[in-house]
Each structure stands twice: as C-alpha cells, then as structure tokens.
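Here the structure is laid out as structure tokens; the discussion comes afterwards.
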Protein chains: 2
Amino acid sequence: MVDKRHDVDRCDCNVIHEEIVNQVKAKMPLEENLYDLAELFKVFGDSTRIKILWALDEAEMCVCDIAVLLNMTQSAISHQLRVLKQARLVKYRKDGKIVFYSLEDDHIKQIFDQGLIHINE
Amino acid sequence: MVDKRHDVDRCDCNVIHEEIVNQVKAKMPLEENLYDLAELFKVFGDSTRIKILWALDEAEMCVCDIAVLLNMTQSAISHQLRVLKQARLVKYRKDGKIVFYSLEDDHIKQIFDQGLIHINE
DNA sequence: TGATTACTTGAATATATGTTCATGTATATG
DNA sequence: CATATACATGAACATATATTCAAGTAATCA
C-alpha cells in the first residue's frame, strides 16, 4: 500500500522527525482557540485601537473627546469603537446624546505591558 | 480672536471635558511606542503565525515539519517565518540543508496566556 | 557533475481592513 | 415643531496582507 498523504509537500524530515511533530501536534491547543487568540490580537494590531484602549484605561471618555485626543474624525473613531465593542474590550453608557465608553476588561493593560517588554528588550 | 482648530470636528464636550482630555493626553505613551506595540500585535494577529509560535514553543522545528504539522505549503510557512524573523520573534540555525527555527523570546507564551485569559473569561 | 532536497523569494491574486464621505437616528434645545 | 448636537452606519476607496505559483539558491548525494 502506498502512503496517500498528498495534502502538502512532504520531505525526508517528516519521517525523521515524525515523533517530535506528533508530540507537538498532541500538545497544540484546539484550532478554534488559536483562531480566537489571533482574532483578539488582530484587534490590538492597529495603532488607532491601541490608542483608544490606552486612553480609556486612563478615563471613561465620549466619542468626540477621543476623536479630538487622537486628532481623527468621529466617524473613524466610531467605526473602531464598534470593533472594540464586538471584541468585548469596551462597554458604553448613554447620558443624553453623549455616549461614554470605558474598558470592559481589567487586564488589557497587562497584555500591553507584556508586549512592551518584548519591544524594549 | 477665533479658535482656529479646524483639524477635526469639535463639539461642546471638548470644552466641558477639556481638562480630562488634556490629562489623558499627558499620560499617553509616545506615538512611536504605541505604533510599535500595534505592529507587534499585528504579527500575533494571524492564526498561521500563532500556530507556528505555539509549535516552536514546544520544540525547535524545521520548515517542512512545520508545514506538515499545519498542513500548509513550505512556501507559505517560509513567508510567515520571514515575518516572525523581522519581528525578532524567532531565530534559526542551519544544519546542512535543513533550517531549524526556534523562539527568540522567552515570554511570547506569557503574552498568549494573557490573551487566553480574556477569551476564556 | 548532474540530480535531488530543503528552503527562499518575487510576482500575482484574492481577500481583508481603515478611513472618508454622505446619510440616518436619537436626544436636546430654542 | 424645527434645528442642532452626538453618534452610528453603509458604501466606496485605497491600502495591506496571506497564500499560491513559478523560479531561484545552497547543500547533499549518486
């Protein structure tokens, strides 16, 4: 019987290192969890959103204040706040026509700090 | 004299909350640092790269082994390894024709774990 | 030396994403 | 009730990015 694993180009390494590859495969988290993790980091992977989160870590703020702070249009900020809302990173409360946003999660700053450690190594 | 700050659409909030906005502005990290931080998270924001990093945290591996592990082409993996190399997240050593990659940074896993805390809250 | 292996690289392609612009909605105000 | 304010939203646009394909390089081996 011929080995029919044609899905990807294999090489001799795969035979030699078969055991190691299998061990790593066994220890890998679920595909779904790694996908979710990548989605979370994708949200952090934009400087506008990083700035918004950093600002909200200092104080609850309304949309137009964030816009002025970052020197961007309200529309652009609003679009990004929607992304942050969907990722459950920010929450909001309405006070008349004003919408105040704040952080939903306490340890966002901790994730940032870990990232800064890498940058400043 | 008229206020000439036409750069973004301003609203009454900006006057009312002026002090808070200024305080937050004063505490914000340098634009450059936040940009670098976003760039780092951008690298983490792809499930292929997350998987590669997670695998390399378990064991040093060559390109074709990673390709088989993730069921992707060597070319695709090689392209992503270049991104990870540029971000100083992985390093490599050559042994004949085989190139072994490993993690450059010890606390990548810590950043991932922080992210998983948010996901599994 | 010629062929094969392991990997890299550049161009092409499809897809995703951030901002702008125009418009829509909800609340406050005169 | 008409107008203004604060914000949200959809479409359009430009840009970025992940993978594929084809070709190229360096090391090994017959």
Side-chain angles (χ1 to χ4, degrees), chain A residues 7-17 21 34-35 38-52 60-87 90-102, chain B residues 7-17 21 34-35 38-53 60-87 90-101:
Chain A
D7 34 352
V8 291
D9 14 61
R10 292 181 166 275
C11 59
D12 297 345
C13 299
N14 305 144
V15 181
I16 301 164
H17 307 141
V21 173
L34 293 177
Y35 183 82
E39 287 302 303
L40 176 66
F41 286 130
K42 203 174 285 180
V43 175
F44 293 146
D46 175 81
S47 54
T48 299
R49 288 191 293 264
I50 287 266
K51 287 177 199 167
I52 293 174
E60 177 190 65
M61 291 177 83
C62 68
V63 181
C64 65
D65 283 341
I66 300 172
V68 168
L69 178 69
L70 305 188
N71 198 38
M72 294 176 66
T73 65
Q74 281 189 29
S75 178
I77 299 299
S78 185
H79 278 297
Q80 295 300 355
L81 284 169
R82 190 167 54 85
V83 175
L84 294 171
K85 226 186 306 175
Q86 284 171 347
V90 302
K91 60 185 181 217
Y92 65 96
R93 70 178 175 88
K94 292 191 71 173
D95 182 9
K97 2 172 220 187
I98 304 174
V99 181
F100 287 97
Y101 281 86
S102 58
Chain B
D7 35 351
V8 291
D9 14 62
R10 292 182 165 274
C11 59
D12 297 346
C13 298
N14 304 144
V15 181
I16 301 165
H17 307 141
V21 173
L34 293 177
Y35 183 82
E39 288 301 302
L40 176 66
F41 286 130
K42 202 174 285 180
V43 176
F44 292 147
D46 176 82
S47 54
T48 299
R49 288 192 293 264
I50 287 267
K51 287 177 199 166
I52 293 174
L53 292 171
E60 177 189 65
M61 291 176 83
C62 68
V63 180
C64 66
D65 283 340
I66 300 172
V68 168
L69 177 69
L70 305 187
N71 197 38
M72 292 177 66
T73 64
Q74 281 189 28
S75 178
I77 299 299
S78 184
H79 277 297
Q80 295 300 355
L81 283 169
R82 190 167 54 86
V83 175
L84 294 171
K85 227 186 306 176
Q86 285 171 346
V90 301
K91 60 185 182 219
Y92 65 95
R93 70 177 175 88
K94 293 190 72 172
D95 181 10
K97 0 175 222 188
I98 305 174
V99 181
F100 288 97
Y101 281 86

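Just so it is clear: chains get the letters A, B, ... in the order the sequence lines come, proteins before strands, and each one is counted from 1.
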Assign each of A/Lys94 and B/Ser78 the nucleotide of DNA chain C bearing its closest heavy atom; nearer the 5' end lies the nucleotide of B/Ser78
Which comes earlier along DNA chain C counting from the 5' end, the contact point of A/Gly96 or that of A/Cys11, where each point is its nearest nucleotide? A/Cys11
Between atom [atom1] in [X] and atom [atom2] in [N], what is the gap in whole Å?
| X | N | atom1 | atom2 | answer |
| --- | --- | --- | --- | --- |
| B/His17 | D/dT5 | NE2 | C1' | 14 Å |
| B/Tyr35 | C/dG18 | OH | C1' | 13 Å |
| A/Ile50 | C/dG18 | CD1 | C1' | 15 Å |
| A/Leu81 | D/dA6 | CG | P | 16 Å |
| A/Ile77 | D/dA8 | CD1 | P | 11 Å |
| A/Tyr92 | C/dA26 | OH | P | 13 Å |
| B/Leu84 | C/dC7 | CG | P | 16 Å |
| A/Gln86 | C/dG18 | CD | P | 12 Å |

Kindly determine whether B/Gln80 and B/Met72 satisfy side-chain contact (heavy atoms from CB on, under 4.5 Å), including the steps that lead there. CA-CA 11 Å; B/Gln80 295 300 355; B/Met72 292 177 66; 5.8 Å; no
Donor-acceptor check, side chain of A/Arg49 to backbone of A/Lys42, threshold 3.5 angstrom: yes or no? yes
Using a cut-off of 6.0 Å, state whether more than 12 heavy atoms not belonging to A/Tyr92 lie near its atom OH. no
Within less than 4.0 Å of OP1 or OP2 of C/dT8, is there a side-chain N or O belonging to B/Tyr101? yes
Could you list the protein-to-nucleotides 18-22 of chain D atom pairs, N/O on both sides, closer than 3.5 Å?
unit_1, atom_1, unit_2, atom_2, d
D/dA18, OP1, B/Arg49, NH1, 3.2
D/dA18, OP1, B/Arg49, NH2, 2.7
D/dA18, OP2, B/Arg49, NH1, 3.2
D/dT19, OP1, B/Thr48, OG1, 2.8
D/dT19, OP2, B/Gln80, NE2, 2.7
D/dT20, OP2, B/Thr73, OG1, 3.4
D/dT20, O4, B/His79, NE2, 3.1
D/dC21, N4, B/Ser75, OG, 2.7

Measure the spacing between OG of B/Ser78 and NZ of B/Lys85 and express it to the nearest 0.5 Å. 7.0 Å
Atom pair CD1/CD1 of A/Ile52 and A/Ile77 - distance to nearest 0.5 Å: 4.5 Å
Minimum-distance nucleotide to A/Asp12 side chain [options: D/dC7, C/dA28, C/dA6]: C/dA6
Side-chain atoms of A/Cys62 come closest, of C/dC7, D/dC7, C/dA6, to D/dC7
Any idea how B/Phe41 and A/Phe44 line up, ring-wise: parallel (<30°), tilted (30 to 60°), or perpendicular (>60°)? tilted
Is B/Cys11 close enough to A/Cys64 that their SG atoms are under 2.5 Å apart? yes
